[in-house]
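Worksheet: one structure, shown below.
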There are 2 protein chains.
Amino acid sequence: MTSSSDERLDARRDDRLGEALLERLRAALPEGAVVTAVDAIAERSSDRSGVLGQTGALAVVRPRTTAEVAAVLALANETRTPVVPQGALTGLAGAANAVEGAILLDLGRLDRILAIDATERTAVVQPGVIVADLQQTVAAQGLFYAPDPASAEWATVGGTIATNAGGMRALKYGVTRDSVRSLEVVLADGTVVRTRPDTVKGVASLDLTALVIGSEGTLAVVTEATLQLRPAPGIPRGVAATFADVPSALAAANAVMTSGSLPTTLELLDDVALGAIRAWAPDLGLPEEANAWVLAVSDAADGDEELSRFEAVLQANGAITVERAADAETLDKLLDARRALNPALRELRGASLNGDVAVPLGRLGEFFARLTALASERGVEISVAGHVGDGNLHPVVAFDGDDPEQVAAAHRAHDEILGLAQAVGGTMTGEHGVGVEKLPGLGGELSERVRDLQLGIKAVFDPRGILNPGKKFG
Amino acid sequence: MTSSSDERLDARRDDRLGEALLERLRAALPEGAVVTAVDAIAERSSDRSGVLGQTGALAVVRPRTTAEVAAVLALANETRTPVVPQGALTGLAGAANAVEGAILLDLGRLDRILAIDATERTAVVQPGVIVADLQQTVAAQGLFYAPDPASAEWATVGGTIATNAGGMRALKYGVTRDSVRSLEVVLADGTVVRTRPDTVKGVASLDLTALVIGSEGTLAVVTEATLQLRPAPGIPRGVAATFADVPSALAAANAVMTSGSLPTTLELLDDVALGAIRAWAPDLGLPEEANAWVLAVSDAADGDEELSRFEAVLQANGAITVERAADAETLDKLLDARRALNPALRELRGASLNGDVAVPLGRLGEFFARLTALASERGVEISVAGHVGDGNLHPVVAFDGDDPEQVAAAHRAHDEILGLAQAVGGTMTGEHGVGVEKLPGLGGELSERVRDLQLGIKAVFDPRGILNPGKKFG
């Protein structure tokens, strides 16, 4: 037989097996939960990373209960069918992208907030709950869910658990892991387990909760999360300052950080970002001589005291302008500069590649200097917006997508930025995850042995390798 | 051959193998690092749990460097010799207790603080550093290391990482895990790996750091830790209140917790504890009608504001007496009541068994009621001191050690308390760990599948099972 007739036979057998599995899935799930329409599959095949998912997924499957998730996984495990757990597809690393022949396990219908308990300081939620909905629901009861990724309005809690999402408030309150008490997960073979009791403290077991958080759907499927709430903080207020250059802004940011308490948020825009914003939105009134912008937010209970300290520190550290927002509404206006960045960058060169590095705080200056050198060497524009308080920066390489030479230079620069972060003791991904997009950079960061430990753990949880294959580990 | 001559031959072969290993250990390590004196081994064979370690350890080995730890583990792994990693032996679950034929790996000489960095907000330390020494050293630089177990004056950082230690400040600042950025560990075969970069954020890998923390020396040996520091908080102040009964005290504690911000510390003593203290230390002036005691500590920066709120809430919730400590020194005096508990309990009955349960906050009342019933049923005294803000209680069964009937009743009650915590959705260990002491209770808490996941992970890290065998997993 020729190899092409081999392939045809293989394909026909795969089709038959796929059909048999679909039939069993339909029998196990309610009407309408198994969708095989080409459009529906295409719609669920790629996240927002810009990396396209594979095109030949088997079906979108939409369970509504833990038992249904368990039934899907048991069938998938029996038939060695890949399963890609999915939330709202707002990810930026391709972690939820479709895989050939896979069940796209859309968890968006597991969307109930099951309990909010002020005494326990917990919310028990299903993975499909939208983060902002949860924030608002608990806020109405005087409570606070701290994780606040930029995608909060669309992202699901399950997605933020899968990626251990960070966001603007991580500086003060930590990342998603720091707000999760326990998880109900379905293992690859369909077994449902709880990672730990819902108590605040507890050390009876290895920390399986932390292990699942950030595992990007490779170890288990989260079907319920008991989340840690906090007392509602004060009203967020802010102060924005501009600086003559990035090193001055970094020094001022460090002075804020070491002034006695941590701001809730500390953001930075660099010279390239600021230049693009000024060109695109002149009405924002950013001064010509400003080449860096810093925003410090306080949600402390002590009224304006903390904010006044941040303001004084920024002033004393060479700010060109300082603008203070004493309430949430004015603060929102200060954020306009940050929000203008994405449209401004699109204007700048048309196409862009987004980064997510994190570097040690003491090496931010060195990182920025090397980044500038890299941009000039490769002939591309690299702008940086970042959560400077925790060293998590989002460098964006802007380029002309119609110029093949620029496209190549931009991709090269994008890859080199990852290496640059690693070279200063940092990581190529601070909060977006590895997915498929960052697999090539893993070797620069993790030792072979750490990779082997991870693959060993993966095999313990998912011996047949059905859960999100080809993601996270490289 | 008789079985006793079998045993003699086995013992002789073991001796020969042991001698050969000792020779290789001595060759690999500096003079004096390998100690085989019977006294020295006996001294390092048991922690403070009251459970005695096994008596036949091979040697105490005292490395001074990561490379020496790696050399010891490589030899141990090759020869399948058990290794028990040890700190200051202040543990309360037997996790560091000696095992027959084992190398007792005393990490106390790896005792240097390698770096303190205000910009990074980190301290890089070796595992043998004493927690209180670290606290004081960073405090001198205006920084703060939050974890503060009761044993801070003696416990090593490595020991607190191994157990994921909590303590009185865990309510506000979290447990040890929440203050660890990354670890350098030596794997069972002697390979040295870092769990992650030292950046604040980073999601390139599964959370191996959290996995090692609390693993009680079963997965790897920690040889260096990058710890998370915080800006120094305000001066700790406190308010202590007495109540007519435990339910009133619990209601007042809950009112404090939901009053707008969390105290740094929220402690409770129950009626039995208070009765014992009153009898033993009448000069403390605890009122006769008081059957519960609550202490709230504030280290907020806003001066006395938070403390005044806590005081008002305690007043409004039925306190009999309220005493306020406006500075650290007076606060220390308030803690005298708490400190009097252990000697008072010894006075009460002579012997005691200490518990470490954690229960959901909403079920504290039910737990206390069932505990009282249990005590009366078994004819023993059970006192409770606890970190009531996080539901982590330390019930102590006091009994007459010379009365065999009481001894049996006490042990039975002690075991039943674990089950009681589990029955209300809690855990038998909030912060002390499983060690060997709590192995029998594990089945009441963790599913078979969770146990299998843990054993699978253990096998990935330590395929020959040399690291602290017989501990943690049951």
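Each chain gets a letter, A, B and so on, in the order its sequence line appears, and its residues count up from 1.
- The contact between B/His432 and chain A is made entirely by backbone atoms, counting heavy-atom distances below 4.5 Å.
- When A/Pro231, A/Ala118, A/Gly166, A/Ala170 are compared by the number of non-hydrogen pairs under 4.5 Å with chain B, A/Pro231 comes out ahead.
- Both the backbone and the side chain of B/Glu431 come within less than 4.5 Å of a heavy atom in chain A.
- Taking CG of B/Leu206 as the reference point, atom CG of A/Asn164 lies at 11.0 Å (rounded to 0.5 Å).
- The line from CZ of B/Arg363 to CD of A/Glu120 is 9.0 Å long, rounded to the nearest 0.5 Å.
- Interface residue A/Ser261: only backbone heavy atoms are found under 4.5 Å from chain B.
- The line from CG of B/Asp117 to CG of A/Leu361 is 8.5 Å long, rounded to the nearest 0.5 Å.
- The greatest number of non-hydrogen atom pairs below 4.5 Å with chain B, out of A/Gly425, A/Gly430, A/Ala232, A/Ala93, is found for A/Gly430.
- Note on B/Gly362, B/Ala358, B/Ala204: by heavy-atom pairs under 4.5 Å with chain A, the leading option is B/Ala204.
- Annotation: A/Ile235, atom CD1; neighbour count of heavy atoms from other residues, nucleotides and ligands within 6.0 Å does not exceed 12.
- Side-chain atoms of A/Pro197 and B/Thr427, non-hydrogen and from C-beta on, do get closer than 4.5 Å to each other.
- Residues B/Val203 and A/Glu216 come closest through the heavy atom pair O-OE2, 4.2 Å.
- Side-chain contact between A/Asp207 and B/Asp207 is absent, with no heavy atoms from C-beta onward closer than 4.5 Å.
- Taking A/Val200, A/Asp390, A/Leu143, A/Thr191 one by one and counting their heavy-atom pairs under 4.5 Å with chain B, the maximum is reached by A/Asp390.
- Looking at B/Gln422, neither its backbone nor its side chain comes within 4.5 Å of chain A, counting heavy atoms on both sides.
- No other option in A/Leu455, A/Val212, A/Leu187, A/Thr163 has as many heavy-atom pairs under 4.5 Å with chain B as A/Leu187.
- Ranking B/Gly391, B/Gly474, B/Gly260 against chain A, the residue ahead of the rest is B/Gly260, based on heavy-atom pairs under 4.5 Å.
- From A/Leu262, atom CG reaches atom CZ of B/Arg230 across 8.5 Å, with rounding to the nearest 0.5 Å.
- When all heavy atoms are compared, the tightest approach of A/Val193 to B/Ser447 is CG1-OG, 4.2 Å.
- Residues A/Arg177 and B/Ala210 share a closest heavy-atom pair of NH1-CB, 4.0 Å.
- Interface check for chain B: of the options A/Ser215, A/Gly426, A/Gly174, the most heavy-atom pairs under 4.5 Å are formed by A/Gly426.
- Atom CZ of residue B/Arg449 and atom CG of residue A/Asp189 lie 4.0 Å apart, to the nearest 0.5 angstrom.
- Residue with the most contacts toward chain B among A/Asp452, A/Leu211, A/Val359, A/Val434: A/Leu211 (heavy-atom pairs, distance under 4.5 Å).
- Side-chain contact check for B/Leu453 versus A/Val460: some heavy-atom pair is nearer than 4.5 Å.
- Neither the backbone nor the side chain of B/Ala459 comes within contact range of chain A; no heavy atoms are under 4.5 Å apart.
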Handout entry: Chi angles and distances behind the side-chain contact (heavy atoms from CB on, under 4.5 Å) call for B/Leu208, A/Ile457
Key = CA-CA 10 Å; B/Leu208 303 183; A/Ile457 293 167; 3.8 Å; yes
